[in-house]
Q: 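Please find one structure pasted underneath; my questions will follow.
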Amino acid sequence: MAETERSEQRRLRPAPLLFEPAEAASDPEHFFDLESMEDPQELLARSTELALAFRAATDRAVEFQAVAAAQLADPQRFDRLTAGDIAERAEWTEDYARKMIEFGRDLLRNGGRPGDE
């Protein structure tokens, strides 16, 4: 990835997710205090911010899954796992596991672990 693309990605990253106190998280109606917002503009802004943050977190987690799958399937490991083994552990189909292994190999070839900038 070109340096300008990386800096553009860093600049466009959404606000980090903040963890909620345990008592708030235990209330099924409570979600990052959105239910208490009365101003629709504020609600739209904060809920959009959260949606973007969750998407970014999902993308990053999937990259880490792919890297882990590629490392577990590495033929140089004496304890290497097959695509079937990885699929079973991650609750994926074997075909999806093969795709994730390849994606992880691509990530490793092109710059290391996800988030390394």
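The figures here come from the full heavy-atom set of this structure, side chains too, leaving out hydrogens, waters and symmetry mates.
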Q: Once you round to the nearest 0.5 Å, how far does OH of Tyr96 lie from CZ of Phe103?
A: 8.5 Å
Q: Please determine if Arg46 and Glu49 form a salt bridge, counting it only when a charged side-chain N lies under 4.0 Å from a carboxylate O.
A: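 Salt bridge: yes.
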Q: Which pairs with one or both residues in residues 76-88 pass salt bridge (Lys or Arg N to Asp or Glu O under 4.0 Å), sequence neighbours excluded?
A: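 Qualifying pairs: Arg77-Asp79.
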Q: Can you name the residues that form a side chain to side chain donor-acceptor pair (under 3.5 Å) with Ser36, not counting sequence neighbours?
A: Asp33
Q: To the nearest 0.5 Å, what is the distance between CE (Met100) and OG1 (Thr93)?
A: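 Rounded to the nearest 0.5 Å, the CE-OG1 separation comes to 11.0 Å.
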Q: Do you know which two heavy atoms are closest between Ala70 and Gly104, and how far apart they sit?
A: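 Looking at all heavy atoms of both residues, the closest pair is CB-C, 3.6 Å.
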Q: When you group the ILVMFWY residues by side-chain heavy-atom contacts below 4.5 Å and let the links chain together, are Leu50 and Leu44 in the same group?
A: no
Q: Take Ile86 and Glu94 through the test side chain to side chain contact (heavy atoms under 4.5 Å, CB included) and record every step on the way to the result.
A: CA-CA 8 Å; Ile86 293 168; Glu94 194 168 333; over 6 Å; no
Q: Going by heavy atoms in the side chains, are Arg89 and Leu81 under 4.5 Å from each other?
A: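 The answer is yes; the side chains approach within 4.5 Å.
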Q: Which heavy atom of Ala97 sits nearest to which heavy atom of Ala87, and what is that distance?
A: CB-CB, 3.8 Å
Q: Has the side chain of Glu35 got a donor or acceptor atom that lies under 3.5 Å from a matching backbone atom of Phe31?
A: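 Yes: the side chain of Glu35 pairs with the backbone of Phe31.
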Q: By salt bridge (Lys or Arg N to Asp or Glu O under 4.0 Å), which residues pair with Glu42, not counting sequence neighbours?
A: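 Residues passing salt bridge (Lys or Arg N to Asp or Glu O under 4.0 Å) with Glu42: none at all.
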Q: Working to the nearest 0.5 angstrom, can you tell me the gap between Asp106 CG and Ile101 CD1?
A: 12.5 Å
Q: Distance check, rounded to the nearest 0.5 Å: Phe64 atom CZ versus Leu107 atom CG?
A: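 Between Phe64 CZ and Leu107 CG, I get 10.0 Å after rounding to 0.5 Å.
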Q: Taking only Lys NZ, Arg NE, NH1 and NH2, and the carboxylate oxygens of Asp or Glu, determine whether Glu102 and Arg109 approach each other closer than 4.0 Å.
A: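 Arg109 and Glu102: salt-bridged.
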Q: Within this structure, what is the CG-CD distance for the pair Leu108 and Gln71, rounded to the nearest 0.5 Å?
A: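 Answer for the CG-CD pair, Leu108 versus Gln71, is 5.5 Å.
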Q: Quick one, Asp95 with Lys99, criterion salt bridge (charged side-chain N to carboxylate O under 4.0 Å, His left out). Give me CA distance, side-chain angles, the key distance, then yes/no.
A: CA-CA 6 Å; Asp95 184 52; Lys99 290 176 184 178; 3.4 Å; yes
